[in-house]
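Below: the structure, in structure tokens.
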Amino acid sequence: MKVAVTYEDGSIFQHFGHTQQFKFYDIEGKEIMKEQIISPTGGGHGALAGFLTENGADTLICGGIGGGAQMALAEAGIQLYGGVTGSADDAVRALLAGTLDYQPDVRCSHHGKEHGGDCAGHSCGEDKHGCQGSHAQES
């Protein structure tokens with residue numbers, strides 16, 4: 001398995017379409033074998049989904065993500081765990097342990113409106129400003 005995480009300064013970056021870096025984790029069994037940080041060369045959900053596929057990712061952990069990006073990831077066969085906050089490393093360890101707290105129906109619906117790269121000071125994984133989702137435990 002190869003897990004990609006939207007990444008900034010050790011944490012999960014909260015806006016998939018604006019992420020400047022991904023941290024990739026090569027997983028064997030339940031162990032992290034290799035980690036590396038890579039910056040994508042293009043923007044937009046289609047380009048980012050392609051970038052993840054080109055780098056072998058089959059799983060993505062991120063904060064907020066819009067419907068178009070979710071469709072692009074699904075078409076690429078990438079499993080999505082959205083609405084996640086906190087440490088990237090901790091999230092991957094939680095995924096491997098089966099305890100990752102994520103939002104299966106995360107949706108950032110304010111795309112196309114003027115807002116800053118940090119989503120105007122809110123987390124797209126939170127349930128406000130058009131970002132929808134309910135917390136659920138992975139089972």
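Along the sequence shown, residues are numbered consecutively beginning with 1.
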Once you round to the nearest 0.5 Å, how far does OG1 of Thr59 lie from CG of Leu95? 6.5 Å
Establish, for the pair Lys34 and Phe24, whether the NZ or CZ atom is under 6.0 angstrom from the six-membered ring centre and no further than 45 degrees off its axis. no
d(Ile65 CD1, Gln14 CD) to nearest 0.5 Å is 11.5 Å
Going by salt bridge (charged side-chain N to carboxylate O under 4.0 Å, His left out), name the residues that satisfy it together with Glu35, two or more places apart in sequence or in a different chain. Lys23
Pairs in or reaching into residues 41-68: which pass salt bridge (Lys or Arg N to Asp or Glu O under 4.0 Å), with residues at least two apart or in two chains? none
Quick one: do Asp89 and Tyr25 satisfy side-chain contact (heavy atoms from CB on, under 4.5 Å)? Show the steps, please. CA-CA 9 Å; Asp89 292 349; Tyr25 300 80; 2.5 Å; yes
Got a sec, which residues hit side chain to side chain contact (heavy atoms under 4.5 Å, CB included) with Glu31, two or more places apart in sequence or on another chain? Met33
Euclidean distance, Gln70 CD relative to Ile78 CD1, rounded to 0.5 Å: 12.5 Å
For Pro40 versus Gln20, what's the shortest heavy-atom pair and its separation? CD-O, 3.3 Å
What is the distance from atom CZ of Phe16 to atom CG of Leu52, rounded to the nearest 0.5 Å? 5.5 Å
CG-NE2 distance between Leu48 and His18, expressed to the nearest 0.5 angstrom: 10.0 Å
Apply ring-ring contact (aromatic ring centres under 6.0 Å, His included) to Phe22 and list each qualifying residue two or more places apart in sequence or on a separate chain. Phe51
Once side chain to side chain contact (heavy atoms under 4.5 Å, CB included) is applied, do any residues pair with Ala91, and if so which ones, sequence neighbours excluded? Ile12, Ile61, Val84, Leu100
Between Arg93 and Ile32, what is the shortest heavy-atom contact and its length? CG-CD1, 4.4 Å
In a table with atom names and distances, give each donor-acceptor pair under 3.5 Å that connects a side chain of residues 3-10 to protein atoms at least two apart or in another chain.
| from | atom 1 | to | atom 2 | distance (Å) |
| --- | --- | --- | --- | --- |
| Thr6 | OG1 | Phe13 | O | 2.8 |
| Tyr7 | OH | Gly10 | N | 3.3 |

